[in-house]
Structure formats: C-alpha cells, structure tokens
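Worksheet for the structure shown next.
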Number of protein chains: 2
Amino acid sequence: MSDLLERLRGRGWRMTSQRRVVAEVLDGEHVHLTADEVHARAARRLPEISRATVYNTLGELVSLGEVLEVATDGRAKRYDPNAHHPHHHLVCSGCGTIRDVHPTNDPLADLPVEERFGFTVSEAEVTYRGLCPDCA
Amino acid sequence: MSDLLERLRGRGWRMTSQRRVVAEVLDGEHVHLTADEVHARAARRLPEISRATVYNTLGELVSLGEVLEVATDGRAKRYDPNAHHPHHHLVCSGCGTIRDVHPTNDPLADLPVEERFGFTVSEAEVTYRGLCPDCA
DNA sequence: TCCTACGATCGACTGAGTCCAAGTCAAGAA
DNA sequence: TTCTTGACTTGGACTCAGTCGATCGTAGGA
Ligand SMILES: [Mn+2]
Ligand SMILES: [Mn+2]
Ligand SMILES: [Zn+2]
Ligand SMILES: [Zn+2]
C-alpha cells in the first residue's frame with residue numbers, strides 16, 4: 001500500500017489533495033474504518049473534504065483492488081487497506097472490534113463440487129465471531 | 001420450523017394474526033427474504049400488517065434462535081428460516097442469489113489458538129462468492 | 001363479559017449511502 | 001508561463017433500511 005499513489009498515477013488518476021489524504025489515512029493505520037471514520041481522519045488534514053468525495057475515492061480504491069470492503073454486521077461497511085495479504089476476520093460480538101486472522105486451511109477446498117450447484121466459486125470469506133478478552 | 005407456532009405459544013407469546021402470517025411466510029419458502037419481502041408476502045394474506053410489526057416479529061424470532069439474520073452484502077439483511085440445520089451460504093456476485101451449502105469441514109477447527117488473540121470464538125460463518133450458471 | 005397488559009399501527013426520525021448540478025483545478029498543450 | 005478542458009469536488013437533496021414512540025386495539029385470563 002505504501003506506493004499506492006504511484007500505482008494510481010500509473011493508472012491515469014488525476015492526483016488531488018483529497019485523494020492523497022484518503023490514501024494516507026488508509027495507509028497510516030491498519031484498522032478497519034467506516035467511511036465516516038475515514039472522512040473524519042481525512043478532515044483533520046484537509047478540513048473541507050466532503051463525504052461524497054470520500055465515498056467516491058473509497059469506491060474507486062475498492063474497484064482497483066487496493067482496498068477491501070468488509071460488511072461484518074448490518075451497519076456501515078468497513079474499509080480494509082490490507083488487500084494484498086489474504087486473511088479473514090474475527091469479530092467481537094460485544095464491542096465490534098475486528099482482528100485479522102489467518103486460518104490454516106482454505107475453506108474453498110472444503111466445498112465439494114456437488115455443493116457448488118454449477119457456480120464458478122471464486123472466493124470464500126470467513127467471519128469468526130466471539131467475545132474478546134475485555135468483553136468475556 | 002413446522003411447529004414454530006407451538007414453540008412460540010410455549011414461550012408465552014400472545015398469538016396474533018400478524019405473528020401467525022409472518023411465521024407462515026417464513027415457514028412456507030426456504031429462501032432468504034428481506035424484511036420488506038416478508039412484509040409483502042405477509043400483506044397478501046393480511047393486508048393491514050405494518051412494516052414495524054414485521055420488523056418486531058423478525059427481531060423476536062431472531063433472538064429466540066428460530067430465524068437467522070444473514071448480511072451478505074451491504075444492503076438489506078435477509079432472514080433465514082433454516083436455523084436448525086447449520087450451513088453456510090453461496091452468493092452469486094451477479095444477481096445476488098443465495099444458496100445454502102454444506103462444507104465438509106468446520107472452519108472453527110482451522111483457526112489455531114495463537115490466531116484467536118484470547119477471544120472466546122463461538123461461531124464461524126463462511127460466505128462463498130462466485131457466479132451462478134445463469135450469470136457466468 | 002370485562003379488563004388490561006401486551007402487541008400493532010402510523011408516521012416521524014436516523015444512519016448509511018447515492019445522485020446531481022454547479023463550481024474548481026490538475027495537468028497537458030502552446 | 002498561461003490557457004484550456006474535462007476530470008474531480010462540493011453541498012444538499014434524496015433513497016433505502018431500519019428504529020422509535022405515542023396511541024390504539026385485542027388476546028386471553030378472571
Ligand atoms: Mn482485515
Ligand atoms: Mn440459509
Ligand atoms: Zn469486545
Ligand atoms: Zn447469478
């Protein structure tokens with residue numbers, strides 16, 4: 001993610017201050033922020049950035065594969081800058097904290113062909129749920 | 001799910017026509033409906049039923065463990081009457097169709113203790129994504 | 001049959017996200 | 001360097017999913 005700005009320039013993106021601060025926010029903390037949290041952090045550096053631009057930029061980063069969308073609850077989507085290292089998520093049912101986890105098996109291998117119903121299955125995402133040490 | 005009404009009565013539920021039609025809608029089709037779809041089907045039998053009542057009843061059924069909430073996209077939650085047979089979901093990225101699937105392994109077993117960060121992990125839900133035969 | 005607490009209703013409200021018309025500016029051309 | 005232009009940004013209105021609360025209705029017990 002560190003040379004994200006270079007990769008974006010290479011794809012013909014016009015480099016604006018808004019896009020730069022959004023990329024910097026995501027680059028800075030490897031956490032899972034909502035769009036409004038990204039907006040709040042971006043606005044600390046560039047006070048007049050709009051929510052619409054944050055949504056636009058996040059959407060573009062997602063379709064470029066630079067950022068992942070995570071929807072673990074029915075609430076706001078979260079944006080995951082750790083897109084180049086495959087992983088899954090462990091969510092605390094108490095406080096909502098999300099941690100990256102790395103199971104030892106690819107769950108795709110556990111779905112037999114007769115359970116695929118003719119689908120071209122390309123991805124398996126696992127959400128583990130439980131209580132974190134603080135909430136237990 | 002067939003004697004759901006009996007179980008609810010046993011739990012002290014007041015049996016109203018609204019709760020009956022919501023339970024019948026869920027009982028009738030083993031698909032994954034949104035709250036508004038449940039409302040539309042319920043309203044075919046009981047035209048005056050309100051959205052608020054459908055939301056209330058679905059929420060109660062979920063906390064009783066009779067129905068599962070599924071949030072595969074960032075859109076409306078879906079309600080799964082198949083709560084007594086553990087399974088996972090296969091979602092078409094094209095049209096959004098959802099199918100129940102049964103992997104051969106429990107993904108909980110694939111999460112080593114050093115990847116649990118002190119959490120009490122109780123559940124693992126897998127979402128497989130791909131293209132259905134029609135969308136491929 | 002009557003009573004009443006539990007449930008249903010409607011509409012106002014919230015939160016998350018989208019859309020659009022109008023204004024701005026990054027970056028290539030000259 | 002300045003000009004030009006279309007890509008980008010903005011604020012606000014709007015949509016969609018869901019929640020809340022005051023008031024009304026009724027299931028089911030006495
Ligand atoms: Mn992550
Ligand atoms: Mn299901
Ligand atoms: Zn917690
Ligand atoms: Zn499809």
Side-chain angles (χ1 to χ4, degrees), chain A residues 4-25 32-43 45-64 67-80 96 98, chain B residues 4-6 8-25 32-43 45-64 66-80 96 98:
Chain A
L4 171 61
L5 294 176
E6 277 316 309
R7 289 206 295 287
L8 296 179
R9 217 186 304 267
R11 291 185 190 247
W13 267 33
R14 182 175 295 186
M15 192 44 54
T16 67
S17 53
Q18 291 84 352
R19 287 171 167 180
R20 202 177 343 261
V21 293
V22 169
E24 283 169 2
V25 165
H32 304 83
L33 302 174
T34 64
D36 277 334
E37 288 165 349
V38 172
H39 178 241
R41 282 168 173 68
R45 293 168 157 266
L46 187 69
E48 286 320 308
I49 190 172
S50 72
R51 279 185 0 113
T53 294
V54 171
Y55 275 105
N56 288 340
T57 307
L58 288 173
E60 290 157 353
L61 290 170
V62 168
S63 44
L64 292 177
V67 165
L68 298 175
E69 262 178 4
V70 186
T72 49
D73 50 3
R75 318 276 311 179
K77 288 178 195 161
R78 297 185 167 271
Y79 292 88
D80 188 341
I98 303 179
Chain B
L4 171 61
L5 294 176
E6 277 316 310
L8 296 179
R9 218 185 305 267
R11 292 186 190 246
W13 266 33
R14 182 175 294 185
M15 194 45 55
T16 66
S17 53
Q18 292 85 351
R19 286 174 169 179
R20 203 178 338 265
V21 293
V22 169
E24 283 169 3
V25 164
H32 304 83
L33 302 174
T34 64
D36 277 333
E37 288 165 349
V38 172
H39 178 242
R41 282 166 172 70
R45 291 167 157 266
L46 186 69
E48 313 76 22
I49 189 171
S50 71
R51 275 186 2 115
T53 294
V54 171
Y55 274 106
N56 288 340
T57 306
L58 289 172
E60 291 157 353
L61 291 170
V62 168
S63 42
L64 292 177
E66 297 287 349
V67 165
L68 297 175
E69 262 178 5
V70 186
T72 49
D73 50 2
R75 316 278 311 179
K77 289 178 194 161
R78 296 184 168 270
Y79 292 87
D80 189 341
I98 303 179

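Every chain is numbered from 1 and lettered A, B, ... according to where its sequence line falls, protein lines coming before strand lines.
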**Asked** Roughly, in whole Å, what's the span from CD in A:E37 to C1' in C:dG15?
**Response** 14 Å
**Request:** Using only side-chain N and O atoms of B:T53, determine if any of them is under 4.0 Å from OP1 or OP2 of C:dT9.
**Result:** yes
**Request:** Return the value, rounded to whole Å, for the distance between atom CH2 of B:W13 and atom P of D:dA27.
**Result:** 16 Å
**Prompt:** How close or far is atom P of C:dA27 from atom CG of A:L5, stated in whole angstroms?
**Reply:** 11 Å
**Message:** Does B:A52 reach a base, just sugar-phosphate, or nothing at all? Heavy atoms under 4.0 Å.
**Reply:** base
**Prompt:** C:dG17 P sits how many Å from B:D73 CG, rounded?
**Reply:** 12 Å
**Asked** Could you state the CZ-C1' distance from B:R75 to D:dT15, rounded to the nearest angstrom?
**Response** 10 Å
**Member of B:V21, B:T57, B:I49, B:V22 meeting the side chain to side chain contact (heavy atoms under 4.5 Å, CB included) criterion with B:V38** = B:V22
**Asked** Just checking A:T16: base, sugar-phosphate only, or nothing, at a heavy-atom cut-off of under 4.0 Å?
**Response** sugar-phosphate
**Asked** Reckon A:Q18 has a side-chain N or O less than 4.0 Å from the OP1 or OP2 of C:dT24?
**Response** no
**Request:** Spell out yes or no: do the side chain of A:R14 and the base of D:dA7 have one donor N/O and one acceptor N/O closer than 3.5 Å?
**Result:** yes
**Prompt:** Expressed in angstrom and rounded to an integer, what is the separation of A:L58 atom CG from C:dA16 atom C1'?
**Reply:** 13 Å
**Prompt:** Could you give the distance from CZ (B:R20) to CD (B:Q18), rounded to the nearest 0.5 Å?
**Reply:** 9.5 Å
**Nearest-Å distance for atom pair CZ/P, residues B:R9 and D:dA27** = 12 Å
**Prompt:** Counting only distance, no hydrogens or angles, is the base of D:dG18 paired donor-acceptor with the side chain of B:R51 under 3.5 Å?
**Reply:** yes
**Prompt:** Are the side chain of B:R19 and the backbone N or O of B:R14 linked by a donor-acceptor pair below 3.5 Å?
**Reply:** yes
**Prompt:** Quick one: which of D:dG28, D:dT10, C:dA16 gets closest to the side chain of A:S50?
**Reply:** D:dT10
**Prompt:** 5'-most contact on DNA chain D: B:M15 or B:Y79, nearest heavy atom basis?
**Reply:** B:Y79
**Prompt:** In whole angstroms, how far is the C1' atom of D:dA7 from the CZ atom of A:R19?
**Reply:** 8 Å
**Any side-chain heavy-atom pair of A:H32 and A:Y79 under 4.5 Å** = no
**Item:** Heavy-atom check, side chain of B:V54 versus side chain of B:D36, under 4.5 Å
**Value:** no
